[in-house]
Amino acid sequence: MPELPEVETTRQGIAPFLEQRPILAATIYNHSLRWPIPADLAEKLTGATATAVDRRAKYLLIRFPEGTLMVHLGMSGSLRIITDRSPRLTHDHVELDLGDDTLLRYNDPRRFGAWLWTDDPDHHPLIQHLGPEPLSEDFSGQRLYRQSRGKSTAIKSFIMDSRVVVGVGNIYANEALFMAGIDPRRAAGRVGQDRMNRLTGAIKEVLAAAILMGGTTLRDFVNSDGKPGYFTQSLNVYGRGGAPCRNCASSLKEIRLGQRTTVFCVNCQR
DNA sequence: AGTTTAACCTGGGTGC
DNA sequence: TGCACCCAGGTTAAAC
């Protein structure tokens with residue numbers, strides 16, 4: 001489920017339930033995620049009270065006076081707030097008891113996600129080399145242009161590299177490149193400044209719009225489901241291989257690029 | 001050093 | 001039905 005908009009929507013959804021509210025109990029049903037959940041994590045969380053729920057890239061940073069819990073949803077992870085005593089589902093691997101019949105449950109079928117503890121998130125190996133947040137001023141066309149000079153890697157792979165900019169997953173990489181009129185196969189080093197400016201703007205625009213939509217479609221996710229947080233009808237290329245381009249009506253091309261499905265318009269994207 | 005590939009997992013869909 | 005195979009919203013680490 002999670003690209004950056006879904007992670008941000010999740011953050012906004014769970015924060016009110018976690019902040020300033022002691023965790024009465026933490027239960028880990030399966031330690032086997034991307035990295036093993038530390039054996040002492042349940043003990044650390046029990047009795048602790050989160051002061052803030054932040055996000056860096058696709059990591060949720062749940063801050064405690066004693067340290068920071070890092071949660072990553074991987075490819076298939078989701079967090080949901082349970083208030084109706086509904087039974088645990090298959091692949092519910094972690095549960096936090098927040099009292100008053102309120103539970104936070106982490107579900108992750110593929111177990112590519114992570115639950116880690118750190119005393120210093122800014123210098124954690126998984127975080128310290130990350131690029132700028134896409135919606136921040138730090139992420140600019142000038143920076144993207146400068147950083148891409150001499151790079152032969154495809155522009156789509158380049159913007160999906162978390163050292164360049166975080167939070168651009170496969171769906172929104174396809175969408176942003178369509179919006180900017182850039183062929184995803186083009187070498188990053190051969191995209192000029194003007195088009196890098198357009199690409200940067202497109203990334204910001206598509207992510208910001210998706211966050212707004214995620215907030216809408218996931219409005220009640222805290223009570224129940226984990227439905228996708230984006231409207232498929234708003235996607236111009238992703239999932240539309242072979243369908244007519246909404247701009248010029250020619251058939252959208254679907255290829256594999258860097259092991260990921262890539263859809264674009266050969267006519268509109270150069 | 002830069003870039004590409006394989007790997008971590010489960011589940012759903014397709015084709016034989 | 002069953003089985004083999006391919007694909008999926010991410011990311012790291014190994015291999016070219």
Side-chain angles (χ1 to χ4, degrees), chain A residues 1-11 29-37 55-60 70-80 89-94 106-116 124-131 134 147-177 184-190 203 206-207 209-211 213-214 217-218 221 225-242 254-263:
Chain A
M1 317 211 152
E3 285 213 29
L4 186 136
E6 288 72 38
V7 178
E8 175 59 22
T9 302
T10 296
R11 186 194 70 75
Y29 296 98
N30 187 349
H31 287 259
S32 175
L33 300 185
R34 177 78 200 264
W35 297 277
I37 297 178
R55 178 187 60 73
R56 173 72 176 105
K58 292 172 189 166
Y59 292 92
L60 291 166
M70 296 168 52
V71 175
H72 197 291
L73 303 178
M75 286 275 256
S76 59
S78 62
L79 287 166
R80 60 196 205 286
L89 305 175
T90 311
H91 308 303
D92 276 349
H93 304 312
V94 183
Y106 173 71
N107 185 281
D108 188 358
R110 291 176 73 181
R111 291 189 278 116
F112 285 177
W115 278 62
L116 299 169
H124 190 279
L126 292 171
I127 287 183
Q128 68 173 344
H129 296 121
L130 292 175
Q147 204 172 353
S148 60
R149 290 313 85 188
K151 298 285 163 61
S152 63
T153 194
I155 184 64
K156 176 164 179 263
S157 304
F158 187 72
I159 60 172
M160 291 181 72
D161 182 341
S162 63
R163 292 166 303 184
V164 173
V165 56
V166 302
V168 182
N170 195 39
I171 294 176
Y172 299 119
N174 280 301
E175 295 300 317
L177 286 162
R185 302 167 296 184
R186 173 173 286 273
R190 301 189 61 174
I203 289 170
V206 72
L207 289 177
I211 288 171
M213 281 192 286
T217 54
L218 285 181
F221 84 110
D225 58 31
K227 287 175 189 164
Y230 45 84
F231 285 125
T232 50
Q233 64 259 40
S234 75
L235 299 174
N236 285 310
V237 285
Y238 184 83
R240 298 193 64 241
E254 183 163 317
I255 62 170
R256 296 288 286 181
L257 202 162
Q259 320 296 97
R260 309 304 294 272
T261 298
T262 302
V263 190

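So that the names make sense, note that chain A is the first sequence line, chain B the second, and so on, each numbered from 1. This is a predicted model, so every value here is computed, not measured.
What separates CG of A/D161 from P of C/dT11 is a distance of 11 Å, to the nearest Å. For the pair A/R110 CZ and B/dA7 P, the computed distance is 15 Å after rounding to whole Å. Atom pair A/L89:CG and B/dG11:P shows a separation of 13 Å (rounding to whole Å applied). Atom CG of A/D108 and atom P of C/dG10 are 13 Å apart (whole Å). Between A/R186 atom CZ and B/dT3 atom P there is a gap of 16 Å when expressed in whole angstrom units. We find that NZ of A/K58 is positioned 9 Å from C1' of C/dT11, with the value rounded to whole Å. In this entry the distance linking CZ of A/R163 with P of B/dA1 reads 13 Å, nearest Å. B/dC9 atom P lies 12 Å from atom NE2 of A/H93, rounded to whole Å.
Side-chain atoms of A/V71 and A/V94, non-hydrogen and from C-beta on, never get closer than 4.5 Å to each other. Between A/N174 and A/R260, every side-chain heavy-atom pair lies at or beyond the 4.5 Å cut-off. Here the side chains of A/S78 and A/T10 are not in contact, with every heavy-atom distance at 4.5 Å or above. Using a 4.5 Å cut-off on side-chain heavy atoms (C-beta onward), A/I37 and A/Y106 make no contact. Annotation: side chain of A/W115 is not in contact with side chain of A/D108 (no heavy-atom distance under 4.5 Å).
Other residues, nucleotides and ligands contribute at most 12 non-hydrogen atoms within 6.0 Å of the CZ atom of A/R163.
With a cut-off of 3.5 Å on both pairing distances, the Watson-Crick and G-U wobble pairs of DNA chain B assemble into stems of 3 or more at B:2-8 with C:10-16, B:10-16 with C:2-8.
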| query | Does the pair A/L177 and A/I159 meet the rule for a side-chain contact (heavy atoms from CB on, under 4.5 Å), with working shown? | reply | CA-CA 10 Å; A/L177 286 162; A/I159 60 172; 4.2 Å; yes

| query | Please walk me through it: do A/H72 and A/L116 pass side-chain contact (heavy atoms from CB on, under 4.5 Å)? | reply | CA-CA 9 Å; A/H72 197 291; A/L116 299 169; over 6 Å; no

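A sub-4.0 Å separation between OP1 or OP2 of B/dT10 and a side-chain N or O of A/H91 is absent.
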Collect all protein-nucleotide pairs involving nucleotides 12-16 of chain C in which both atoms are nitrogen or oxygen and the distance is under 3.5 Å.
residue	atom	partner	partner atom	Å
C/dT12	O4'	A/R34	NH2	2.9

Can you pull every protein N or O that's under 3.5 Å from an N or O on nucleotides 4-6 of chain B?
residue	atom	partner	partner atom	Å
B/dT4	OP2	A/T153	OG1	2.8

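A/E254 places no side-chain N or O within donor-acceptor distance of the main-chain N or O of A/R240, the cut-off being under 3.5 Å.
Taken from NE2 in A/H91 to CZ in A/R110, the straight-line distance is 11.5 Å, to the nearest 0.5 Å.
Picking from C/dG10, B/dC9, B/dG11 the nucleotide with the shortest atom distance to the side chain of A/R111 gives B/dC9.
No option in A/V7, A/I127, A/V166 other than A/I127 meets the side-chain contact (heavy atoms from CB on, under 4.5 Å) test with A/Y59.
With centroids closer than 5.5 Å and planes inclined by less than 30 degrees as the test, A/F112 and the base of C/dT11 fail to qualify as a stacked pair.
For the P atoms, the distance from B/dC9 to C/dA14 is 15 Å, rounded to whole Å.
Electrostatic pairing of A/D92 and A/R80 counts as a salt bridge here, judged by a charged N lying under 4.0 Å from a carboxylate O.
In this structure, A/R256 reaches the sugar-phosphate backbone alone: every heavy-atom distance under 4.0 Å involves primed, P, OP1 or OP2 atoms, never a base.
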